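One structure below.
Quick caveat: nothing in here was measured; it's all calculated off a predicted structure.
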Amino acid sequence: TDAVGINGAVNVVHMLKIDGAAAGGADGLTISADGCSISNMVVQGFGGAGLRLTGNGNTIGGSCMTACPGGGVSISGNAGHGILIEGGASNIVGNCHVEQNGGDGVRLGGGATGNSIGGLFGWLGCVIGDSAGAGVRIGDSAGDAATSGNRIPITTIYANGGLGID
């Protein structure tokens, strides 16, 4: 699998939307390659996770131009977790809205290490809210013992069913 960049900017108002209303229990977008970048995109309505990351060194959200009001990537209304990072390392998730998902807003597990939720700079902050589970959950089972070294530097977390950060 090779790295790919997806910039879903259609014009200054619209961006690419991936809608899973007819996809059953599937995840929305799965990234297993290393070094990918995703920006200006909406992922919504899937039965599984909105975005599943298993690769390393990916950038989700990137820099937002005028085509992404409120955030470079919007992940909402999925039955599972908004973003699920399983075993990936050194991924940056920033400049995004992760809201109204049926699981955790963002879930890190399976040995995920060195990931940053909320980016590394002020312009890469995330908004995570209104999900049924925790805003951000970092490992919650014996199998997740290797999940460590993850950062949540610039993130607004509100009104989730569980703890803001668990």
Side-chain angles (χ1 to χ4, degrees), residues 1-7 18 27-43 46 48-64 68 70-76 78-166:
T1 56
D2 293 329
V4 65
I6 301 173
N7 181 342
I18 301 173
D27 292 331
L29 181 62
T30 297
I31 299 174
S32 55
D34 298 340
C36 297
S37 64
I38 307 297
S39 62
N40 296 304
M41 183 179 295
V42 174
V43 181
F46 284 88
L51 173 64
R52 179 184 299 261
L53 283 173
T54 59
N56 305 307
N58 297 296
T59 302
I60 307 303
S63 60
C64 177
C68 48
V73 174
S74 174
I75 299 175
S76 63
N78 299 290
H81 306 302
I83 298 174
L84 175 58
I85 301 176
E86 290 184 308
S90 303
N91 295 295
I92 298 173
V93 177
N95 201 16
C96 62
H97 276 135
V98 181
E99 298 175 298
Q100 300 175 350
N101 293 288
D104 300 322
V106 178
R107 167 77 164 84
L108 295 103
T113 58
N115 297 288
S116 181
I117 308 303
L120 301 175
F121 310 103
W123 54 272
L124 283 175
C126 282
V127 175
I128 301 171
D130 291 324
S131 290
V136 177
R137 183 180 310 270
I138 303 174
D140 64 354
S141 68
D144 288 334
T147 300
S148 64
N150 297 290
R151 300 179 43 198
I152 309 168
I154 304 166
T155 301
T156 299
I157 302 173
Y158 70 95
N160 292 286
L163 296 174
I165 300 173
D166 188 5

Mind checking the CG-CD1 spacing from Leu29 to Ile38? Nearest 0.5 Å is all I need.
5.5 Å
Please give me the minimum heavy-atom distance between Gly87 and Asn56, naming the atom from each residue.
O-OD1, 4.3 Å
Minimum heavy-atom distance between Cys126 and Gly94, given as atom pair plus value
SG-CA, 3.6 Å
Heavy-atom closest contact (Ser39 atom, Gly61 atom, distance):
CB-O, 3.6 Å
Reported OG1-to-CG distance for the pair Thr54 and Leu84, which is rounded to 0.5 angstrom:
9.5 Å
Roughly how far, to the nearest 0.5 Å, is CD1 of Ile31 from OG of Ser37?
8.5 Å
Correct closest heavy-atom pair for Glu99 and Ser131 would be C-OG, 4.1 Å
Member of Ile75, Ile152, Ile60, Val106 meeting the side-chain contact (heavy atoms from CB on, under 4.5 Å) criterion with Val93
Ile60
Side chain to side chain contact (heavy atoms under 4.5 Å, CB included) with Thr30: which residues, sequence neighbours excluded?
Asp27, Arg52
Counterpart residues, side chain to side chain contact (heavy atoms under 4.5 Å, CB included), relative to Gln100 (two or more places apart)
Asp130
Heavy-atom closest contact (Gly110 atom, Thr147 atom, distance):
N-OG1, 3.5 Å
If you round to the nearest 0.5 Å, how far is CG of Leu108 from CZ of Arg137?
11.5 Å
Taking the side chain as every heavy atom from C-beta outward, state whether Leu51 and Val43 have any pair of such atoms under 4.5 Å apart.
no
Does a side-chain heavy-atom distance below 4.5 Å link Ile117 with Ile128?
yes
Nearest 0.5 Å please: distance from the OG atom of Ser74 over to the CE atom of Met41.
11.5 Å
Determine the minimum heavy-atom distance between Asp104 and Asn101, stating which atoms define it.
O-CB, 4.5 Å
For Asn91, which residues count as a side-chain hydrogen bond (donor to acceptor under 3.5 Å, both in side chains) partner, sequence neighbours excluded?
Asn58, Asn115
